[in-house]
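The structure appears right after this line, and notes come after that.
What you see is a predicted model, and the numbers here were worked out from it, not measured in a lab. Below, read A as the first sequence line, B as the second, and so on, with proteins coming before strands; counting in each chain starts at 1.
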Amino acid sequence: MTDFTHGALYGGGIITVIMTLVALALWGERKMAARMQSRLGPTLVGPFGLLQPVADVLKLLQKEDIVPDEADRVLFNLAPPLGAIGALAVAAVVPFSASIIGADLDAGVLYLLAIGALGVLPVFIAGWGSNNKFALLGAMRAIAQSVSYEVPLVLAALVPVILTGTMKVSAIVEYQAQHHWLIAWPFFLGVPAFVLFMLAMLAESNRIPFDIPEAESELVAGITTEYTGMKFALFYMAEYLHTLIASAVAAALFLGGWDGPFAPGLHWMAAKTLGLFAFVYWVRWTLLRFRSDQLMALCWRWLVPTGVALVLGAALWVVFVG
Amino acid sequence: MEHPLTQYLPIAVVFGLAGVMAVAIPFLAGVLGPRTRTVMKGEAFEGGNAPMGSARQRFAVKFYVVALLFIVFDIEAVFLYPWAVNFRALGWFGYATMLVFAATLVVGLVYVWKKGALDWES
């Protein structure tokens with residue numbers, strides 16, 4: 001197979017799988033949330049309501065697309081596609097199994113973090129372009145939060161890189177398959193780093209308890225206030241994509257990725273990813289949201305020092321133990 | 001035989017397909033959706049009243065401080081990554097060097113903390 005066909009095949013395949021997964025995840029989240037609140041959730045469309053996301057998309061496609069008069073039309077229309085592209089592009093380097101990986105970059109971890117961090121830009125473009133006070137306030141808060149939690153995220157992702165000595169995502173998983181999952185050994189580094197990564201990931205994808213940018217009780221809907229129909233749906237989709245792919249990255253970096261007994265690698269990777277994803281939504285429907293000042297204090301006073309200590313600790317571990 | 005850039009090919013494909021999809025969806029919605037513009041619909045939402053003034057006003061300087069802090073610590077991370085990969089070869093010398101570097105930044109963080117830049121409400 002030539003490089004080009006490989007690239008096109010895997011690129012197309014990954015996008016298809018991820019988009020299908022997001023649709024199913026939407027259904028799954030609604031079902032789970034409903035069960036937690038003693039409801040049934042979607043039941044009417046298709047078996048067990050499984051076709052609900054399809055119905056949602058068809059409905060949203062028929063909705064009017066409103067651009068406010070005062071808005072900056074170009075920026076306003078640019079933001080939702082950019083958000084979706086940025087969220088999808090991260091999936092290109094996620095290893096789904098030993099052989100299924102779009103692009104096995106030598107600097108894979110760097111790519112994940114760099115492209116993941118680009119999600120800040122569409123948020124600000126949307127907030128500024130809407131020319132709406134709620135949207136701009138939401139964008140400012142979202143950016144302050146995202147750039148702050150970027151630091152612990154980067155530091156937490158550095159721990160597996162130090163312990164395995166490579167930035168290649170597949171090599172990190174390979175190392176864990178041969179030795180131990182990083183969360184199991186050295187657990188005193190792996191567990192805190194994993195928790196730090198998950199916390200920062202929740203904040204990066206604006207999930208409860210860190211969903212201040214769109215705190216609907218204060219800001220209407222934050223940056224999405226002025227968006228209607230499919231453009232709103234694209235933002236919504238990007239959020240799910242971000243959470244799903246970040247779960248996959250956490251599974252690969254800390255939970256051994258495709259490594260596991262009895263079943264093929266792909267099954268393990270899918271199980272770990274969806275497990276983490278379900279956990280994120282469990283948290284979402286259980287906890288309340290932080291205040292803005294508490295959020296920033298938590299990041300800079302606790303998570304950043306912890307991250308620096310973890311990085312130095314991991315380095316010390318490697319120097320002593322090997 | 002393999003050019004080092006070919007490993008980026010799937011990424012280009014993913015970007016391309018994602019771009020096509022992300023542009024096609026709103027375009028399709030624009031074609032299929034109704035278009036009934038009224039003056040009220042064009043107004044920015046501000047709790048039901050007519051919007052007062054522009055949304056683009058001055059905002060709190062706190063956000064600026066956060067951005068500055070972010071730049072400092074993100075650049076730290078940029079230096080940490082190459083170090084992390086070459087770390088085994090560098091050994092104790094590399095560790096000591098990075099310890100000094102990290103200590104400088106931690107001193108900076110403590111200074112910022114004591115100065116009250118991390119107190120969101122003050």
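In this structure, chain A has a heavy atom under 4.5 Å from the side chain of B/Val106, while its backbone stays farther away. Heavy atoms closer than 4.5 Å to chain B are found in both the backbone and the side chain of A/Ile162. Contact of A/Met296 with chain B is made through the side chain alone, with heavy-atom distances under 4.5 Å. Contact of A/Val57 with chain B is not made at all, since no heavy-atom distance falls under 4.5 Å. For B/Tyr95, the part sitting under 4.5 Å from any heavy atom of chain A is the side chain, from C-beta outward, and nothing else. The contact between A/Ile115 and chain B is made entirely by side chain atoms (from C-beta outward), counting heavy-atom distances below 4.5 Å. Both the backbone and the side chain of A/Leu312 come within less than 4.5 Å of a heavy atom in chain B.
The choice from A/Asp65, A/Asn132, A/Val308 that makes the most heavy-atom pairs within less than 4.5 Å of chain B is A/Asn132. For the set A/Val161, A/Val151, A/Leu158, the entry with the most heavy-atom pairs within less than 4.5 Å of chain B is A/Leu158. Ranking B/Phe73, B/Trp83, B/Tyr8, B/Phe63 against chain A, the residue ahead of the rest is B/Phe63, based on heavy-atom pairs under 4.5 Å.
Partners of B/Val72 by side chain to side chain contact (heavy atoms under 4.5 Å, CB included), not counting sequence neighbours, listed by chain and number: B/Leu105.
Dense packing is recorded around CZ of A/Arg301, with more than 12 heavy atoms of other residues, nucleotides or ligands lying under 6.0 Å away. Around atom CZ of B/Phe101, more than 12 heavy atoms belonging to other residues, nucleotides or ligands sit under 6.0 Å away.
Contact between A/Ala144 and B/Val66 at its shortest, heavy atoms only, is O-CG1, 3.7 Å. Smallest separation of non-hydrogen atoms from A/Lys63 and B/Pro34: C-CD, 3.8 Å. Residue B/Pro26 comes nearest to A/Leu234 through the heavy atom pair CG-CD1, 3.6 Å, listed as atom of the first residue, atom of the second, then distance. Taking every heavy atom of both residues into account, B/Val85 and A/Met167 meet most closely at CG2-CG, 3.6 Å.
Going from atom NZ of B/Lys62 over to atom CE of A/Met140 covers 11.0 Å, rounded to the nearest 0.5 Å. B/Leu32 CG to A/Gln62 CD: the interatomic distance, rounded to the nearest 0.5 Å, is 7.5 Å.
For residues 84-94 of chain A, a heavy-atom distance under 4.5 Å to chain B picks out A/Ala84, A/Ile85, A/Leu88, A/Ala89, A/Ala92, A/Val93, given by residue number.
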Q: Take B/Ile11 and A/Leu105 through the side chain to side chain contact (heavy atoms under 4.5 Å, CB included) test and state the conclusion after the steps.
A: CA-CA 10 Å; B/Ile11 291 178; A/Leu105 298 186; 3.4 Å; yes
Q) Between B/Leu28 and A/Met230, is a side chain to side chain contact (heavy atoms under 4.5 Å, CB included) present by the stated rule, with each step listed? A) CA-CA 9 Å; B/Leu28 203 64; A/Met230 262 341 260; over 6 Å; no
Q | Worked check of side chain to side chain contact (heavy atoms under 4.5 Å, CB included) between A/Asn77 and B/Phe27 | A | CA-CA 10 Å; A/Asn77 289 326; B/Phe27 178 76; over 6 Å; no
Q | Candidate pair A/Leu155 and B/Leu80, rule side chain to side chain contact (heavy atoms under 4.5 Å, CB included), full reasoning | A | CA-CA 9 Å; A/Leu155 291 173; B/Leu80 280 172; 3.8 Å; yes
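Between B/Phe70 and A/Trp300, the ring center distance fails the sub-6.0 Å criterion.
Checking each of A/Val147, A/Val154, A/Leu113 against B/Asp74 for a side-chain contact (heavy atoms from CB on, under 4.5 Å) leaves exactly one that passes, namely A/Val154.
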